[in-house]
2 protein chains.
Amino acid sequence: MTFHLDDFLPYRLSVAAAQISRRFAARYAEEAGLTIPEWRVLAHLNHSGTVSVRDIHNRVNLDKSMISRAATRLQEAGLVRKSGHEADRRLVSLELTSQGKTLMQRLGRIAEDFQTELLAEIGEDAPAMSRVLDRLITTQHME
Amino acid sequence: MTFHLDDFLPYRLSVAAAQISRRFAARYAEEAGLTIPEWRVLAHLNHSGTVSVRDIHNRVNLDKSMISRAATRLQEAGLVRKSGHEADRRLVSLELTSQGKTLMQRLGRIAEDFQTELLAEIGEDAPAMSRVLDRLITTQHME
DNA sequence: GCGAAATCGTTGCGATTGCAATGACAATAT
DNA sequence: ATATTGTCATTGCAATCGCAACGATTTCGC
């Protein structure tokens, strides 16, 4: 039997993820013109308070350079404050401004609404799906 | 309660997909130096015979330009043959050369092995996962 | 304490990407 | 038949991305 791309899990996962990301990006594009890296940085800052670029890099699966640039843009937009870390002067401390917090409250609601819709679409298999994602993501394949 | 990125389905899906794609790309990079678009074009040609750029575009979730460029590179590598369509001269007919078929036989095996490993990692939730992907992918959200 | 190695954020740069425009051809309407 | 509209693949271009320096700092080894 010949190989069939449509049955190939990595491919299907990739297509699904791209479609979902696109749908969600359309939602928050109406609210604020953010790129995906910007959205991720904002969202991470929202629940983790003050952190460094490296912290976000490790948690959020984004290249350092993207985070750095996203943070600069967000600062220019008045959503994020960048400042030097007290003890270690190599580090940059990132945190939301009050304006950034206000925006994230709205975006957080939008995100949760979207997820609710999504879970409804997915239906009863949602918990299994969630378990799979946990297993795939935490499986750090050291080489 | 504050929004948490780690619990957000689109984000987790995106991270999982990127990681899996990366793992798989490492596998076939050893076998042949292919980019992801090249791999997809090859894989699609493998099971669908002779088709046009547009056909692949519709089936494989890739921009026309990427397919066009991938096809050119694959032709230069001797894996794909490009020729004008008989009846409609706007179309370009793409098909694997015998060399391309030979390569895809090896790659198909690699892909299937990888998928088998992946399914083992996923475990009993695999069927549910598969159903979810079906539902997400086929849900073409017309706007 | 001092030099070497590691870490952090930024920047440069080549490669990749997605979108829009183009040119070639086909289908449709009049 | 001709003109208009639509479709197809390619190309150009701007934006994005990821990797690899790089300077600034800190940590480690001795």
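Computed from a prediction, not measured in an experiment: that's the story for all the values here. Heavy atoms only: backbone and side chains are in, while hydrogens, waters and symmetry mates are out. So you know, we letter chains A, B, ... as the sequences are listed, proteins then strands, and number each from 1.
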- Under 4.0 angstrom, heavy atoms only, what part of the nucleic acid is A:Ala70 near: base, sugar-phosphate, or nothing? nothing
- The correct set of residues in residues 37-63 of chain B placing a heavy atom under 4.0 Å from DNA chain D is B:Ser52, B:Val53, B:Arg54
- Which class fits the ring pair A:Tyr28 and A:Trp39: parallel under 30°, tilted 30 to 60°, perpendicular over 60°? parallel
- Earlier contact from the 5' end, DNA chain D, for A:Asp88 and A:Thr35: A:Thr35
- Query: Can any side-chain N or O of A:Thr102 pair as donor or acceptor with the backbone N or O of A:Ser98 at less than 3.5 Å?
  - Reply: yes
- Item | Position toward the 5' end of DNA chain C (nearest nucleotide), B:Met66 or A:Met66 | A:Met66
- Query: Do you see a donor-acceptor pair shorter than 3.5 Å between the side chains of B:Ser14 and A:Arg40?
  - Reply: yes
- Round to the nearest Å and state the distance from A:Ile67 atom CD1 to C:dT10 atom P. 10 Å
- Query: Hey, where on DNA chain D does chain A first and last touch, going 5' to 3'? Cut-off is any atom under 4.0 Å from a heavy atom.
  - Reply: D:dC17 to D:dT26
- Query: Parallel, tilted or perpendicular: which fits the ring planes of B:His4 and A:His47, with parallel below 30° and perpendicular above 60°?
  - Reply: tilted
- Query: With sequence neighbours left out, which residue pairs that include part of residues 85-99 of chain A fulfil the salt bridge (Lys or Arg N to Asp or Glu O under 4.0 Å) condition?
  - Reply: A:Arg81-A:Glu95, A:Asp88-A:Arg90
- Message: By nearest heavy atom, map A:Arg73 and B:Arg90 onto DNA chain D; which one lands nearer the 5' end?
- Response: B:Arg90
- Considering only heavy atoms from C-beta outward, does the side chain of A:Leu62 approach that of A:Ile56 to under 4.5 Å? no
- Item | Donor + acceptor pair across side chains of B:Asp55, B:Ser48 (<3.5 Å) | no
- Message: Within the 4.5 Å heavy-atom criterion, are A:Arg135 and B:Glu121 side-chain neighbours or not?
- Response: no
